[in-house]
Amino acid sequence: MAISTASCLAFALTESLEWVLISRALAGIAAATWVAFTILFSNYATDDKLHSAMGNLSFAFVFAQLLGMALSAWLVEELGWDAPFWIGTILGGIGLLLSFFISEENKKPVNKPIKLRELGTVVREPMLLKVSLLSIFAHSIIFTTMFGFTTAYALSKGLRPAEISLVVFAFMIPHAIATLMSGKPFILKLVSGVYCS
């Protein structure tokens, strides 16, 4: 929350290229906490409900992105390009303050930390490497098109910032539906059938 807030604040305060790069790097670091967050979340679901729970979590994440992008387009139209970053700073600050009130009773035994030698074995796991490579390609495509080139191109062709929401909806709504369906039994059977063949 602190890093997200700092990223929004830096974006709001300056337009210099150096600070834009720093702000974007901070946003990337904050986004990377998604990995730890999903692992923590998965501990709350039983094995038989894990796929469904992770699908619901992904849906919440995508829906929040959709809502944020739609509201940002409207805010830019009404209040200017800095408005989403100032509001992000305020909401991030509120979230940071609220995070100090989160407490949880530790009911599970503490696991031994992983050793560096064991980490090397995990990193060399063939299936993990394949899935990670696919994820890198998919995210590269998404961030260079939908979250980068596509919206910039649409603006250069005369779309108003508020109209960018339509472009975002065209991508994010099917994305949200796909995350909800990812935990459904017939999808799991389809995926397991692909892996078996």
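Remember, predicted model here, so these are calculated numbers, not experimental data.
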Checklist entry - Mind checking whether F61 and F41 sit in one hydrophobic cluster, side chains of I, L, V, M, F, W, Y counted as touching below 4.5 Å? => result yes

Checklist entry - Aromatic rings F59 and F63: how do their planes relate, parallel, tilted or perpendicular, breaks at 30° and 60°? => result parallel

Scan the side chains in residues 2-11 for donor-acceptor partners under 3.5 Å anywhere in the protein, sequence neighbours excluded, and list what turns up.
residue: T5; atom: OG1; partner: M1; partner atom: O; Å: 2.7
residue: T5; atom: OG1; partner: G92; partner atom: O; Å: 3.2
residue: T5; atom: OG1; partner: G93; partner atom: N; Å: 3.4
residue: S7; atom: OG; partner: S23; partner atom: O; Å: 2.8

Checklist entry - What is the minimum heavy-atom distance between S16 and T14, and which atoms define it? => result N-OG1, 3.1 Å

Next on the checklist: Measuring only between side-chain heavy atoms, which start at C-beta, is L75 closer than 4.5 Å to F85?
Outcome noted: no

Item to check | More than 12 heavy atoms of other groups within 6.0 Å of W34 CH2 | outcome: yes

Item to check | Spatial distance of atom CD1 (I22) from atom CG (L17) [nearest 0.5 Å] | outcome: 10.0 Å

Item to check | L79 versus A83, closest heavy-atom pair with distance | outcome: CB-CB, 3.6 Å

Checklist entry - Any sub-3.5 Å donor-acceptor pair from S132's side-chain atoms to L129's backbone N or O? => result no

Checklist entry - Same cluster for L26 and V20 if Ile/Leu/Val/Met/Phe/Trp/Tyr side chains link at under 4.5 Å? => result no

Next on the checklist: List the residues meeting side-chain hydrogen bond (donor to acceptor under 3.5 Å, both in side chains) with R24, not counting sequence neighbours, and say none if there are none.
Outcome noted: none

Next on the checklist: Test your reading of the model: is there a side-chain donor-acceptor pair from S135 to the backbone of V131, 3.5 Å cut-off?
Outcome noted: no

Next on the checklist: Could you see if I90 belongs to whatever hydrophobic cluster contains L98? Use Ile, Leu, Val, Met, Phe, Trp, Tyr and a side-chain cutoff under 4.5 Å.
Outcome noted: yes

Checklist entry - Can you tell me how far the CG atom of N43 sits from the OG1 atom of T38, to the nearest 0.5 Å? => result 10.0 Å

Checklist entry - So if you build clusters from Ile, Leu, Val, Met, Phe, Trp, Tyr with side-chain heavy-atom gaps below 4.5 Å, do V76 and L155 land together? => result yes

Checklist entry - Are any side-chain N or O atoms of T150 and backbone N or O atoms of T145, one a donor and one an acceptor, separated by less than 3.5 Å? => result yes

Next on the checklist: What verdict does the side chain to side chain contact (heavy atoms under 4.5 Å, CB included) test give for W86 and L13, after you've listed the backbone C-alpha separation in whole Å, the side-chain angles of each residue and the deciding distance to 0.1 Å?
Outcome noted: CA-CA 9 Å; W86 283 115; L13 289 175; 3.5 Å; yes

